[in-house]
Structures are given as structure tokens and as C-alpha cells.
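Working notes for the structure below.
Note that the structure is predicted; figures quoted are calculated from it, not measured. Lettering of chains follows the sequences in order, A, B, ..., and the numbering in each one begins at 1.
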Number of protein chains: 2
Amino acid sequence: MQERRTNRERSEGTTATLISTARRLFVERGYADTGTPDLVMAAGVTRGALYHHFADKRALFRAVVVVESRVIAEAVERAAPGGDDPVADLIAGGEAYLDAMAEPGRSRLLLVEAPAVLGTAEAAAIDAEHAGRTLREGIEAALAAGAIRPLPPAALVTLLGATYDRAALAIAEGAPRSDCTAVLAAMLDGLRT
Amino acid sequence: MQERRTNRERSEGTTATLISTARRLFVERGYADTGTPDLVMAAGVTRGALYHHFADKRALFRAVVVVESRVIAEAVERAAPGGDDPVADLIAGGEAYLDAMAEPGRSRLLLVEAPAVLGTAEAAAIDAEHAGRTLREGIEAALAAGAIRPLPPAALVTLLGATYDRAALAIAEGAPRSDCTAVLAAMLDGLRT
DNA sequence: GAACAGACATACAGTCTGTATGTAAGCTGA
DNA sequence: TCAGCTTACATACAGACTGTATGTCTGTTC
């Protein structure tokens, strides 16, 4: 019953197991309260494997954040592929974002722990390649179409993104989603031409 | 030259020294990278003193967060004591908030580390007693005066607060303040009746 | 198939946190 | 005023964790 595997398969399998296990534990207990001994035990490997594939615990956490960010961005893009009404796309993308962020623990991982562990700069850079990118594209499209007021795009992306982020966190902590979306809609109104 | 001090004076002096030293080090290096040995060395006391006055490292951090929050809230209240134009007060308070948050490291401490270390619930509770309270009062006044649309107050406070928070962080990281305030003003416009 | 590289497993060193114990100084009632 | 008590520390210790160094075994390559 010895399963014979190529080296590449071994590596990919081990890293995938580590990342998925880390994702679960970091979500359940948080980064600081998840020790690498526990983590590798749950993954069925040893700390040697972890430190062979990742520079340190932080690098593993970063990998988890990248995977989660990618999942979010894909969900948003699926919901708002970019039609002829940019503001409607923004709203649809926002709803999809809140849906994707409803996955338990995800908002804490991406919005609370990631900036603290990786630093705001690195966390923002990861976001800018994924969910943040979809928001930026949506805003640029709306600006180009003249649908929203000519404001600095970078600040628009940052502040509108922050609003959606905190809405996701609030909903995860039990706030009524309809209340949040009502306020979000009003704020978006203010950006309209 | 033995200075004779009452026990109460000793305690107050030691805790004050610990808190101010911790504030400096947590701001400079962050919570996780500030060890208690370093901290007490810088404060000129021993770890025994620290653990005599605080339950654990987290409790000391919490004390720092409370002090900083209080400073912010006082600055905001000084700038917006509550006049007859609630929206103008909101804007003035927001400016004061951004000013107060410009103190280097403060935004990271309060907006990034506090939620990660204390948890979002406890960080939000502390905020709700200080800066968050001033915002809530401002919004309630504006709602009562009919100056802004009748939206759920809790969601308004949360999401508008989030926008100001992220603006403070962005400014601390070099974003042009005028860009941020322009977008903030537009979003506030959306809330107006 | 021999040399090499990759993928781990194990052992170790350093550091940190929280606790338990010891001590000196303030406080308090008779 | 002083014996007894309490507060405010200082010191010593135990447990845990992170990152590194070293050893081994399997796949790969020439």
C-alpha cells in the first residue's frame, strides 16, 4: 500500500495540507493563539515540513491570506463582470463581497489579523491584487462613464473599500445586513453625479 | 536623599511610567515585537512590578489603548462642542479626529493592533466610550434635527466611523489629506436629507 | 547506478510569558 | 510606638514557542 509519488506531488500535497489546516486554525483561534506544534499535528506533518516550505509562521499566514483574498475576488468578479451600468456593477459587486465575507472567520482573518500580522502595507498590497482590484476597476469604470463625481480614484477606492470592509465585519458580528446596505447605498448616492 | 513616598504615590507613579513607556514602545515596535523584559527595562522597573499592577501584557496594552482613546475623544469634543448646525459639527469633529490621529503610530495602535490584540468586540467597546461616543452623539443630533436621512443610527456610526478610521490610516501612510476629506465630504453629502 | 538534490524528521538554542516565592517598606490598631 | 499586617515590588522558575542546525531517506539525473 506504499503510495508512490513524485517529489512535486509530495510538495504540492504538503503545502496544500498546511495551508488548508492553517486556514482552519487561524480562523478558529487566531494567529497568535495557533502554535506551530499544534498546527503541524493537525495537518499530520512535522514542523520540519512547515519550515521547509515556508520561511516562517508569518509566511504561512501570508499564503492563507492570499488564498482567501483570491476566493473573495473571484466571487466578486463572477457577480459583477462589468456591464454597461457601472454603478449597478458596483452595487452588485458589493453584495457579492458581503456574501463572500459572510464565511465565518473570514472577515477577522482578512480584515483584522492580516493588517496586524503582515502590516498594513503588505495587507493592502495583497488586497490590491484581489478584491481591491475589482473595486478599483469598478470605480474607474464609473468615473470614466461619468456616473460618479470626479474625485481622486485612490481615495475613493480606499474609503469605499473601508466602508464595505467594516460592513462585512459588522454583519459577521450580528449587525442586520439590511441596515448596513441601506447606509452603504446612501453613501454611494453621495458619490453620484 | 531617600525620597519618602506613600504607597499610593508609588503605585500611581509606577503604573503611569509603565503605561507611558508601553505606549512609546507599542507604537514604535508593535505589540508582538515588544517583549516585557525590554519594556520594564526601558521603564526602569522589573517584571515583578508589571505583573503586580497588570494581570498580563494584554491588560497593559488595554490601558494604553484607553488612554489614547480618551485623548482623541477630548480633542474631538473640544473642536465640536455641539452647536446649532449638527452637520457642521460632524465635519469639524471629523477634522479634529484626523488631526488627533496624525500623531505618529497612533492610528496603527488604535485601529490595527487594538482590534487584533483585544478582539473587535472589546476594541469597539472602548471606542464606544470615547471617540465613537462623540460620533454617535453627533449623528443622533443630526438625525434629530432632520439634517441627515433617517437611517439606522448604529449602522451610520459604524460605517461612517470606519470611513474616518481608514482615512486616518491612509493619511498616516502618506495619502494626501485633501483627497480623503473630499471623498468624505461627498459621502456625507449622500447622508443629507 | 552513482552522485546529487529535494523533502522532510529530529534535536537544539534562545526567548518569551506567566507564576510562585522572597523581601523591604508602608500602614494600622492597641 | 511597635507588633502585625498589607502593599509593592524583586527574583527565580516552569512551560511553551519560534527558528535553526543537522541527519536521513527518497526521488531525480547523468
What are the atom names and distances for every N/O pair under 3.5 Å that joins the protein to nucleotides 17-21 of chain D?
residue: D:dT18; atom: OP1; partner: A:Thr36; partner atom: N; Å: 3.3
residue: D:dT18; atom: OP1; partner: A:Lys57; partner atom: NZ; Å: 3.2
residue: D:dT18; atom: OP2; partner: A:Thr36; partner atom: N; Å: 3.0
residue: D:dT18; atom: OP2; partner: A:Thr36; partner atom: OG1; Å: 2.5
residue: D:dG19; atom: OP2; partner: A:Tyr51; partner atom: OH; Å: 2.5
residue: D:dG19; atom: OP2; partner: A:Lys57; partner atom: N; Å: 3.3
residue: D:dG19; atom: N7; partner: A:Arg47; partner atom: NH2; Å: 2.5
residue: D:dG19; atom: O6; partner: A:Arg47; partner atom: NH2; Å: 2.6

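Rounded to whole angstrom, the span from the CG atom of A:Leu18 across to the P atom of C:dA7 amounts to 13 Å. Atom NE2 in A:His52 sits about 12 Å away from atom C1' in C:dA9, given to the nearest Å. To the nearest angstrom, P of D:dA8 lies 10 Å from CD of B:Glu12. In this structure, B:Leu50 atom CG and D:dA10 atom P are separated by 11 Å, rounded to whole Å. The CE atom of A:Met41 sits 12 Å away from the P atom of D:dA16 (whole-angstrom rounding). Rounded to a whole Å, the CZ atom of B:Phe54 is 18 Å from the P atom of D:dT7.
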Item to check | Residues B:Thr36, B:Arg47; criterion side chain to side chain donor-acceptor pair (under 3.5 Å); working and verdict | outcome: CA-CA 7 Å; B:Thr36 53; B:Arg47 283 172 20 89; 2.8 Å; yes
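In terms of heavy atoms, B:Lys57 sits closest to B:Phe26 at CE-CE2, 4.3 Å.
Distances from the side chain of A:Thr6 to the nucleotides C:dG26, D:dG27, D:dC9 place D:dG27 closest.
For A:Thr14 and C:dA7, the shortest distance from a side-chain N or O to OP1 or OP2 is not below 4.0 Å. Within the structure, every side-chain polar atom (N or O) of A:Thr46 is placed at least 4.0 Å from both OP1 and OP2 of C:dC8. Remark: B:Arg10 is not in phosphate contact with C:dG26, judged by side-chain N or O atoms under 4.0 Å from OP1 or OP2. Between C:dA7 and A:His53, no contact under 4.0 Å exists linking OP1 or OP2 to a side-chain N or O.
Remark: side-chain polar atoms of A:Thr21 are not paired, donor with acceptor, to backbone N or O of A:Leu18 under 3.5 angstrom. Put simply, the side chain of A:Glu9 gets close to the backbone of A:Thr6: a donor and an acceptor are under 3.5 Å apart. A donor-acceptor pair is defined here as one N or O able to donate and one able to accept, closer than 3.5 Å; no such pair exists between the side chain of B:Ser11 and the backbone of B:Arg8. At distances below 3.5 Å, at least one donor-acceptor pair connects side-chain atoms of A:Tyr31 with backbone N or O atoms of A:Arg58.
Residues of residues 59-67 of chain A that place a heavy atom closer than 4.0 Å to DNA chain D do not occur.
Surrounding CZ of B:Arg108 are more than 12 heavy atoms belonging to other residues, nucleotides or ligands, all under 6.0 Å away.
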Side-chain donor-acceptor distances from residues 146-160 of chain B under 3.5 Å, at least two apart:
residue: B:Arg149; atom: NH1; partner: A:Asp189; partner atom: OD2; Å: 3.4
residue: B:Arg149; atom: NH1; partner: B:Gly190; partner atom: O; Å: 3.0
residue: B:Thr158; atom: OG1; partner: B:Ala154; partner atom: O; Å: 2.9

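Under the 4.5 Å side-chain heavy-atom criterion for grouping Ile, Leu, Val, Met, Phe, Trp and Tyr, A:Val67 is connected to A:Ile126 within one hydrophobic cluster.
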